[in-house]
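All heavy atoms count here, side chains included; hydrogens, waters and symmetry mates do not. We number each residue from 1, following the sequence as shown.
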Amino acid sequence: MQRIGSAADVDSQEFRRNDLHNRQLAAELKERQRLARFDRPEKDIERLRRQNKLFVRNRIAALLDPETPFLELSTLAANKAYNGEVPGAAQVVGIGIVAGREVIVHADDSSVKSGAWYPLSVKKIVRALDIAIENRLPVVHLCDCAGGFLPLQAEFFADRYHAGRILRNQSILSRMGVPQVAIVMGQCTAAGAYVPALSEYNIVVEGTGAIFLGGPPVVKAATGEQVSAQELGGALMHTSVSGTSDYFATSELHAIAIARNVVARFHQPAKTCIDRVAPEPPAYDASELYGIIPEDARAQFDMREIIARLVDGSRFDEYQPRYATSLVCGFARLYGYQVGIVANNGVFVRRQCAKGCSFHSNMRQKPNAPALPAERHRLYGWPRI
């Protein structure tokens, strides 16, 4: 592969203006992510302390293997929705390493409306479980859910991709033999009760964890009977009477330790054989991307300058470089992995579409290109490649 020659003038005034503007945008993004992840009213944090509960991110940190990455998804979901009162859509989802195995982590954030589901919470959970299905990833649910947020329940019950989709996806994972572990750390009510009930393994924390469709107030209103949350659906009842839960935990950290032991027993499938060599850094400084991307989002720039600062050694084998030049296609290596790149470099017309289709066709014919999982064809009706 040939190394891309860069024409960027890193000493120009325009480059410096772009660099300053884009670094400010990046700093603003990081601050918004920090607020969504950690900024909570003190009264909500104090409520968790009184209940002997950990903050959701402390729960996840205890679950994951030490010094391993956590690829968080949809951090800014519901960022400005619901008057800004539901950061992260009251959910934390991502891909992490537990007992040496890659898993999807889905955690209710009980510091936000007691973990109640909003319409965008449902969308975020469904998307996480879709990823689990597509990649055959086990799921660990950290459950602390007050059920659906009742004033908005008409917006997430019941349509094909609404809250019922969560339970449907859980059932599909079970059919595929992809295990799920649920840790019940708070009172899981209504729709939130189904998540642990549909998981293969279910751990409930004594004193704080409970599973029921309707809590004590609903029971009293319906029957006049007074019953405590623990009597109705607590750890002792579900592990010794109903059999809904498999493991009894004395604390959240105890429950997390049990979950890690369960995940450690999961079968670890062999990795797909992927063409990979030793990675190398780009020939150009990746921090120069801040100065290359224009301050004006409408201004055009050469996508090869971006590619040169992303791919290994800045080497790029361009496909049809003289044809339909406003679409850049080609092959490179990214952190050692062979990848195909499609980059919009201007206006699209018929020729650009034909070039892109031809490039994708060549990608599919690569002998080491992994086939789509059979489950995906059955479940979604997608065409085979």
**Asked** Above 12 or not: heavy atoms from other molecules or residues under 6.0 Å from CD of Gln226?
**Response** no

**Pairwise side-chain contact, Arg315 with Ile4, heavy-atom cut-off 4.5 Å (strictly under)** = no

**Request:** State, yes or no, whether a side-chain contact exists between Phe38 and Phe55 at a heavy-atom distance under 4.5 Å.
**Result:** yes

**Request:** List the steps, then state whether side chain to side chain contact (heavy atoms under 4.5 Å, CB included) holds for Arg333 with Val339.
**Result:** CA-CA 6 Å; Arg333 289 193 179 272; Val339 297; over 6 Å; no

**Prompt:** If you round to the nearest 0.5 Å, how far is CG of Asn79 from CD of Gln33?
**Reply:** 9.5 Å

**Request:** Flag the pair Glu31 and Arg34 as a salt bridge only when some basic side-chain nitrogen lies within less than 4.0 angstrom of an acidic carboxylate oxygen.
**Result:** yes

**Atom of Tyr247, atom of Arg265 and distance for their closest heavy-atom approach** = OH-NH2, 3.3 Å

**Prompt:** To the nearest 0.5 Å, what is the distance between CG (Asp130) and CG (Asn169)?
**Reply:** 5.0 Å

**Request:** Would you give the length of the straight line joining atom CD1 of Ile133 to atom CD1 of Ile172, rounded to the nearest 0.5 angstrom?
**Result:** 4.5 Å

**Request:** Kindly confirm or rule out a cation-pi arrangement of Arg276 over Tyr337, judged by NZ or CZ under 6.0 Å from the six-membered ring centre and within 45° of its axis?
**Result:** yes

**Pair Arg309 + Asp285, salt bridge at N-O below 4.0 Å** = no

**Asked** Can you name the closest pair of heavy atoms from Leu64 and Gly96 and give their distance?
**Response** CD2-CA, 3.9 Å

**Prompt:** Is Leu173 linked to Val195 within one hydrophobic cluster, defined over Ile, Leu, Val, Met, Phe, Trp and Tyr using a side-chain heavy-atom separation of less than 4.5 Å?
**Reply:** yes

**Request:** Hey, could you give me the CZ/CG distance between Arg260 and Leu63, rounded to the nearest 0.5 Å?
**Result:** 7.0 Å

**Message:** Check Arg47 with Asp44, please: is the shortest side-chain N to carboxylate O separation under 4.0 Å?
**Reply:** yes

**Request:** Output yes when a side-chain donor or acceptor of Arg59 lies under 3.5 Å from a complementary backbone atom of Leu54, and no otherwise.
**Result:** yes

**Message:** With a 4.0 Å cut-off on N to O distance, would you call Glu72 and Arg57 a salt bridge?
**Reply:** yes

**Asked** Side chain of Lys355, backbone of Gln320: donor and acceptor closer than 3.5 Å?
**Response** yes

**Fill in**
Sorted by chain and residue number, the ring pair (Phe, Tyr, Trp, His ring centres under 6.0 Å) partners of Phe316 (sequence neighbours excluded) come out as none

**Message:** Test side chain to side chain donor-acceptor pair (under 3.5 Å) on Gln91 and Asp109; report intermediate values, then the result.
**Reply:** CA-CA 5 Å; Gln91 303 291 313; Asp109 185 351; over 6 Å; no

**Message:** Other residues, nucleotides and ligands only: do more than 12 of their heavy atoms fall within 6.0 Å of CD on Glu14?
**Reply:** no

**Request:** Please answer whether the main-chain N or O of Asn202 pairs with a side-chain N or O of Ser199 as donor and acceptor at a distance below 3.5 Å.
**Result:** no

**Prompt:** Are any of the side-chain heavy atoms of Ser111 and Leu48 separated by less than 4.5 Å?
**Reply:** yes

**Asked** Any chain of hydrophobic side-chain contacts (each under 4.5 Å) joining Phe70 to Val98?
**Response** yes

**Request:** Go through the steps to decide whether Thr239 and Asp246 satisfy the test side chain to side chain contact (heavy atoms under 4.5 Å, CB included), and finish with yes or no.
**Result:** CA-CA 6 Å; Thr239 55; Asp246 306 300; over 6 Å; no

**Message:** Could you check whether any side-chain heavy atom of Met237 comes within less than 4.5 Å of a side-chain heavy atom of Ser242, counting everything from C-beta outward?
**Reply:** yes

**Request:** State, to 0.1 Å, how close Asp108 and Cys145 come at their nearest heavy-atom pair, and which atoms those are.
**Result:** OD2-CB, 3.4 Å

**Request:** Measure across Ala229 and Gln187 and return the closest heavy-atom pair with its distance rounded to 0.1 Å.
**Result:** CB-NE2, 3.4 Å

**Item:** Any donor-acceptor N/O pair, Arg101 side chain to Ala99 backbone, under 3.5 Å
**Value:** yes

**Request:** Kindly compute the distance separating CZ (Arg127) from CD1 (Ile104), expressed to the nearest 0.5 Å.
**Result:** 9.0 Å

**Asked** Of Leu20, Asp19, Leu25, which meets side-chain contact (heavy atoms from CB on, under 4.5 Å) against Arg23?
**Response** Asp19

**Request:** Could you walk me through whether Ser314 and Arg3 pass the side chain to side chain donor-acceptor pair (under 3.5 Å) test, one step at a time?
**Result:** CA-CA 5 Å; Ser314 301; Arg3 178 166 292 167; 5.4 Å; no

**Asked** Can any side-chain N or O of Ser361 pair as donor or acceptor with the backbone N or O of Cys357 at less than 3.5 Å?
**Response** no

**Message:** Starting from Val103, can I reach Met176 by hopping between I/L/V/M/F/W/Y residues whose side chains sit under 4.5 Å apart?
**Reply:** no

**Message:** Donor-acceptor check, side chain of Asn22 to backbone of Ile293, threshold 3.5 angstrom: yes or no?
**Reply:** yes

**Message:** If hydrophobic clusters are built from ILVMFWY residues whose side chains come within less than 4.5 Å, do Val139 and Val122 share one?
**Reply:** yes

**Ile306 and Phe301, any side-chain heavy atoms less than 4.5 Å apart** = yes

**Request:** Identify whether Tyr82 and Trp117 are in the same connected component of the hydrophobic contact network (ILVMFWY, side-chain heavy atoms under 4.5 Å).
**Result:** no

**Request:** Apply side chain to side chain contact (heavy atoms under 4.5 Å, CB included) to the pair Thr325 and Asn345, showing each step before the final yes or no.
**Result:** CA-CA 7 Å; Thr325 55; Asn345 216 32; over 6 Å; no

**Prompt:** Does a side-chain heavy-atom distance below 4.5 Å link Asn344 with Phe348?
**Reply:** yes

**Message:** Using 0.5 Å steps for rounding, measure from the CG atom of Leu129 to the CG atom of Leu137.
**Reply:** 11.0 Å

**Asked** Taking the inter-plane angle between the rings of Phe359 and Tyr319 on a 0 to 90° scale, is it parallel (under 30°), tilted (30 to 60°) or perpendicular (over 60°)?
**Response** tilted

**Fill in**
Looking only at heavy atoms, the pair that brings Ala107 and Val56 closest together is CB-CG2, 3.6 Å

**Prompt:** Between Ser171 (side chain) and Leu167 (backbone), is there a donor-acceptor pair under 3.5 Å?
**Reply:** yes

**Request:** Assess whether atom OH of Tyr194 is packed by more than 12 heavy atoms of other residues, nucleotides or ligands within 6.0 Å.
**Result:** no

**Asked** Is the count of non-hydrogen atoms from other residues, nucleotides or ligands lying under 6.0 Å from Arg49 atom CZ greater than 12?
**Response** yes

**Prompt:** Does Glu155 come within less than 4.0 Å of Lys123, counting only side-chain N to carboxylate O?
**Reply:** no

**Message:** Set out, in order, the CA-CA distance, both residues' side-chain angles and the distance that settles side chain to side chain contact (heavy atoms under 4.5 Å, CB included) for Leu29 and Leu76, then state yes or no.
**Reply:** CA-CA 9 Å; Leu29 172 62; Leu76 297 180; 3.7 Å; yes

**Request:** State, yes or no, whether a side-chain contact exists between Ile341 and Val311 at a heavy-atom distance under 4.5 Å.
**Result:** yes

**Heavy-atom donor-acceptor pair, Asp312 side chain to Pro279 backbone, under 3.5 Å** = no

Please report, to 0.1 Å, the donor-acceptor pairs under 3.5 Å made by any side chain of residues 203-220, with sequence neighbours excluded.
| residue | atom | partner | partner atom | Å |
| --- | --- | --- | --- | --- |
| Thr208 | OG1 | Met185 | O | 3.3 |

**Side-chain heavy-atom pair Leu120, Lys124 within 4.5 angstrom cut-off** = no

**Message:** Treating Glu295 as the side-chain partner and Arg17 as the backbone partner, does any N or O pair qualify as donor plus acceptor under 3.5 Å?
**Reply:** no

**Message:** Between Glu46 and Lys43 (salt bridge meaning N to carboxylate O under 4.0 Å), is one present in this structure?
**Reply:** no

**Item:** Donor-acceptor contact present, side-chain Ser114 to main-chain Ala116, <3.5 Å
**Value:** no

**Prompt:** Which atom names give the shortest non-hydrogen contact between Val184 and Pro196, and what distance separates them?
**Reply:** CG2-CB, 3.7 Å

